[in-house]
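Below: one structure, written as structure tokens.
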Amino acid sequence: MSWQTGLIKTILDPSNWIISTDVAVVIADKFPKARHHYLVLPKADIASIFQLNKTHLPLLEELHLLAHNVIEIRGEKIDNFQIGFHAEPSMQRLHLHVISKDFVSSCLKTKKHWNSFNTPLFLPYDSLYTQLNSEGTIKRLSKVTKEALLATPLKCNQCSFVAKNIPSFKEHLQDHSAL
DNA sequence: GTTCTAGAAC
DNA sequence: GTTCTAGAAC
């Protein structure tokens, strides 16, 4: 089994479910990129956002409800979270990211990690829902666009700071979180 | 997606 | 000399 199927394997074991309904489950991200990082996945075999069509809109609403539920269960505030999809997913099985905005985590190691959540490489739930509702499908970003977004400088999500490298950026994020 | 590590950057 | 990044992984 290749690494791309890791999520499918993980959700086969109900002991990994933080919450579940008839159609979806919530699990903890195995390599959390912030203090809180959860994934909401449908039980149905939907590979990615690129397989979605308008018939999936009610399913998306349920995934979003579960995203809010897990934040509430953890006693956190919805405003402190980003809820959305990666524009270029790596793992099989559609998964909605529910991640706290601190981005303080030992698993956050690369510029790609940061930019995949803090540039248009991250598709907020509402944006994806709107695109699917109006166009009936989710478009891929061009290779050129993706490369440009991955090369975006490390700009803080809480102030105007731009870091020279990852270690100094992680220190900066931790300082915000301690205030 | 992560791990490993060569060689770039400092 | 050490830190840091970025590409291969059969």
Side-chain angles (χ1 to χ4, degrees), chain A residues 1-20 24-52 60 63-64 66-67 70 74 81-125 127-128 138-157 161-177:
Chain A
M1 182 180 282
S2 67
W3 59 263
Q4 288 106 325
T5 56
L7 292 176
I8 294 170
K9 189 178 177 185
T10 297
I11 63 174
L12 286 177
D13 183 352
S15 71
N16 290 321
W17 301 352
I18 298 170
I19 319 174
S20 66
V25 303
V26 181
I27 63 173
D29 192 291
K30 190 176 180 183
F31 298 92
K33 304 305 187 298
R35 291 210 167 97
H36 292 270
H37 190 181
Y38 311 104
L39 302 176
V40 189
L41 309 91
K43 290 179 178 176
D45 186 17
I46 301 168
S48 77
I49 55 175
F50 305 118
Q51 276 71 48
L52 294 173
L60 286 176
L63 299 183
H64 191 226
L66 279 168
V70 72
R74 286 293 190 260
F81 281 74
Q82 292 179 198
I83 300 171
F85 301 86
H86 279 146
E88 185 64 17
S90 296
M91 306 287 279
Q92 286 181 34
R93 183 57 58 87
L94 180 71
H95 53 284
L96 178 62
H97 287 271
V98 183
I99 186 167
S100 56
K101 295 176 181 176
D102 53 90
F103 291 97
V104 173
S105 167
S106 59
C107 296
L108 181 70
K109 296 177 176 179
T110 68
K111 181 181 244 186
K112 181 175 184 177
H113 288 156
W114 175 258
N115 283 336
S116 70
F117 285 104
N118 293 283
T119 70
L121 291 170
F122 186 79
L123 299 175
Y125 169 82
S127 300
L128 180 131
I138 303 300
K139 293 175 191 164
R140 281 184 184 277
L141 298 178
S142 72
K143 184 180 177 184
V144 169
T145 299
K146 283 183 284 191
E147 285 174 355
L149 291 170
L150 284 172
T152 304
L154 294 167
K155 186 183 178 309
C156 182
N157 61 341
F161 178 74
V162 178
K164 289 189 178 70
N165 57 39
I166 292 287
S168 64
F169 193 51
K170 286 172 66 69
E171 277 190 40
H172 177 86
L173 290 170
Q174 201 150 15
D175 288 345
H176 271 303
S177 199

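So you know, we letter chains A, B, ... as the sequences are listed, proteins then strands, and number each from 1.
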So the side chain to side chain donor-acceptor pair (under 3.5 Å) pairs with at least one residue in residues 145-155 of chain A (sequence neighbours excluded) are Glu88(A)-Lys146(A), Ser142(A)-Thr145(A)
Assess whether atom NZ of Lys112(A) is packed by more than 12 heavy atoms of other residues, nucleotides or ligands within 6.0 Å. no
Nucleotides 1-10 of chain C: protein proximity per nucleotide (B base, S sugar-phosphate only, - neither; heavy atom, under 4.0 Å): ---SS-----
Closer than 3.5 angstrom, by distance alone: can the side chain of Asp102(A) be matched with the main-chain N or O of Arg35(A) as a donor-acceptor pair? yes
Residue pair Pro89(A) / Phe50(A): nearest heavy atoms and the distance that separates them: CD-CE1, 3.9 Å
Taking both distances under 3.5 Å as the test for a Watson-Crick or G-U pair, what stems of at least three pairs does DNA chain C have? B:2-10 with C:1-9
Looking for any heavy atom pair under 4.0 Å, which part of the strands does His86(A) touch: base, sugar-phosphate only, or nothing? sugar-phosphate
Contact class for Lys30(A) vs. all strands (heavy atom < 4.0 Å): base, sugar-phosphate, or nothing? nothing
Do the rings of His64(A) and Tyr125(A) sit parallel, tilted or perpendicular, given the 30° and 60° boundaries? parallel
Kindly assign one of parallel, tilted or perpendicular to the pair Tyr38(A) and Phe81(A), based on the angle between their ring planes and the thresholds 30° and 60°. parallel
Looking only at side-chain N and O atoms, does Gln51(A) offer a donor or acceptor that is under 3.5 Å from a partner on Ser48(A)? yes
What distance separates Asp175(A) CG from Phe161(A) CZ, expressed to the nearest 0.5 Å? 9.0 Å
